[in-house]
Every structure is written in structure tokens, then in C-alpha cells.
Amino acid sequence: MKLLTRTFLGMLLCLGQLSGQEARMKLILDTDIGDDIDDAWALAFVIAHKNFEPLGITVAHGNTPARAKMACKMLHLTGRSDIPVFVGRRTEQKDYSYQFTWAEDFAATRPASKSAADFIVEAVRQNPGQITLIAVGPLQNVADAVRKEPQLGKLVKRVVLMGGCVYGTADQAAPIAEYNVHSSTTDSQLVYGASLPLTIVPLDSTTHVKLSDAEREQLRKHSSPLTFALEALYRLWLEKPQSRMTLHDQLAVAETASPNTFFGKMETVPIWVDDKGFTRVDSQKGKPVRVCLEPKRNAFMKYYISELVGQRLGMKP
Ligand SMILES: [Ca+2]
């Protein structure tokens, strides 16, 4: 009888939790914001998403201080300066990004003094099994975190990467060396070999998803501080009038928000990174990686845009 009562009470408690507000998902976004335009638009997705609890934004690759300024400015404009920004190790990069000019004189807030890798390690130790790490740039910070904490794979809930190319892209039927993996191949080899609970959104998927002019216009007309920022950065990014954004990084954020929802096919395959920066399938050398294939373009875009416009972030009522 006592056992039955306890079971009944347990069920009631469980139902109460289900009907109450769902716990928000703790996450860290690791980004190389400032080069391709999708990073800024992915950061906006993370900021705007009502079910996310971003613990911090970490910045990777090249001129990391300039990238961190962009992240700080976007958080400031949207009233989310409570989310700290952490700078990763600076690496050599020849090209200057026009998007950096958007935040060059921004001084209202600054990044935290702790390094990106130190922050990742401390956050997952303090919240074991709870944090999803989304990495949408080259993998220096994730690799440095593994170097500092070899048990990272046991401490993190999930690692979702935009990266790799397993079978081919929208334009060709053979794999290519994908930028994030290839840019820092040694770091990528470490990350793919570290037994992390890894999901990747590769070029196989992302190259099929581009922003239409109508979708861009819909966001521009929304006229929130967030969408103003996205349109301004988009114009700085446009190399040619006919350029259109490929939504690589946003698909990784969508997979994090709602696993198995925006892809028609999910495979778990053994993957390793070769010295040329290719993600190769090999049952001997590879570690299991969940691969997101066949994106549901229209369902994803609808979801993405609705999150970006769902909250008029930074708007005064
Ligand atoms: Ca990126």
C-alpha cells in the first residue's frame, strides 16, 4: 500500500513537472562569428530561442578579440549582456572581415577575462551531464577544452558541430574537406577522436539550405534591434549582389533545439579526420558520430524565422 501511494505521488509529481514550465536547455555556443554570415545569424537564433539558457558564448579562430566584440555588441543590443563572452586562442588569419567594422568602436561591454577553453571546462564540471556544446567554427576551443579535461565527453550532455562532409554536397557527389574541420585539422582530429557524444550537421545537409529574398525581407521588416543587426551584417557580408546566405550554423542550432526534427535521415557512422581535413567513414579508425542528413528546408526555415521574430528583443514595450 505504502509503495502504491509512493508510486502514485511520484506520478503526480512527474505530471506536474511536465505540465509546468519545461526546464530550459543549458548550452554554450562556440563560434567564429565575423567571416561567413551564418554565425551572426546563428548567435541571434541562440539569443532569441525561448527554450535555451545560454551559459556563455565562446569565440574561436583567427582574430578572436574582434569576433568577441561582435558577440558582445549583439548581446548588448538585444538586452542580453548577462550572457558572458569568452575569447579563444588567437590564430593566424590573413583576411580582414568587413563585419568587424560593425563592432570596432563598441565599448559598452567587454568579454570575460577567462579563456574560452577554461570556461567550457569549468561550466561542464559545474553542470555535469547538463550542457550541450554547439560548435559552429574551427575547433580550437573544443580541442583545448579536451586537452584541459580529457573526461569532457563524460561531463557534457551533447556536442553538436556544424562541420564535415560525409558523402558530398548539394553541388557534387563526392566529399570535400569542410572549412571548420580543415582550418585546424590537428584540433579536429583530437575532437573527433575524443569519444564525445558527437552529432554533426555536415555540408551534405547545409548546402541545400539558402536564405530566400522573401525570407530576408520578412526579417528586415520586423524592425527589432536583433533583425536590424542581422540586416546590417548581411550587407557588410554581401560580396556580390547575387550572394545568398547558406544556413550552415543555424541548422546545428536547430538540431540542438529539437533533435531529429529537421532532418529526414539520421545515421550513426564511425568517423575520423584524415590529415587533409576530410571526415572519413572507417569502422576501424572512426568513433561513432551521429550525422544529420536530408534537411527539411521549409520546416526548418519556418521554425527559425518564427524564433527570430517571436521575441522583439531589446524593444521597449
Ligand atoms: Ca561558422
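Counting starts at 1 for both ligands and their atoms, in listed order. Only this structure's heavy atoms are used, side chains among them; waters, hydrogens and symmetry mates stay out.
- Protein atoms that are N, O or S and lie under 3.0 Å from the Ca ion (ligand 1) are these: Asp32 OD1, Asp39 OD1, Asp39 OD2, Val136 O, Asp249 OD2.
- Under the rule for a side chain to side chain contact (heavy atoms under 4.5 Å, CB included), the partners of Pro259 that lie at least two apart in sequence or sit in another chain are Arg158, Glu255.
- Ring geometry, Tyr303 versus Phe262: the interplanar angle falls from 30° to 60°, so the pair is classed tilted.
- Applying the salt bridge (charged side-chain N to carboxylate O under 4.0 Å, His left out) test to residues at least two apart or on different chains, the pairs with a partner in residues 181-195 are Arg89-Asp187, Arg147-Asp187.
- Residues satisfying the ring pair (Phe, Tyr, Trp, His ring centres under 6.0 Å) criterion with Tyr304, sequence neighbours excluded, are Phe45, Phe300.
- The hydrophobic clustering, which links ILVMFWY residues whose side-chain heavy atoms are closer than 4.5 Å, places Leu77 and Leu308 together.
- Residues Tyr192 and Ile271 come closest through the heavy atom pair CD2-CG2, 3.8 Å.
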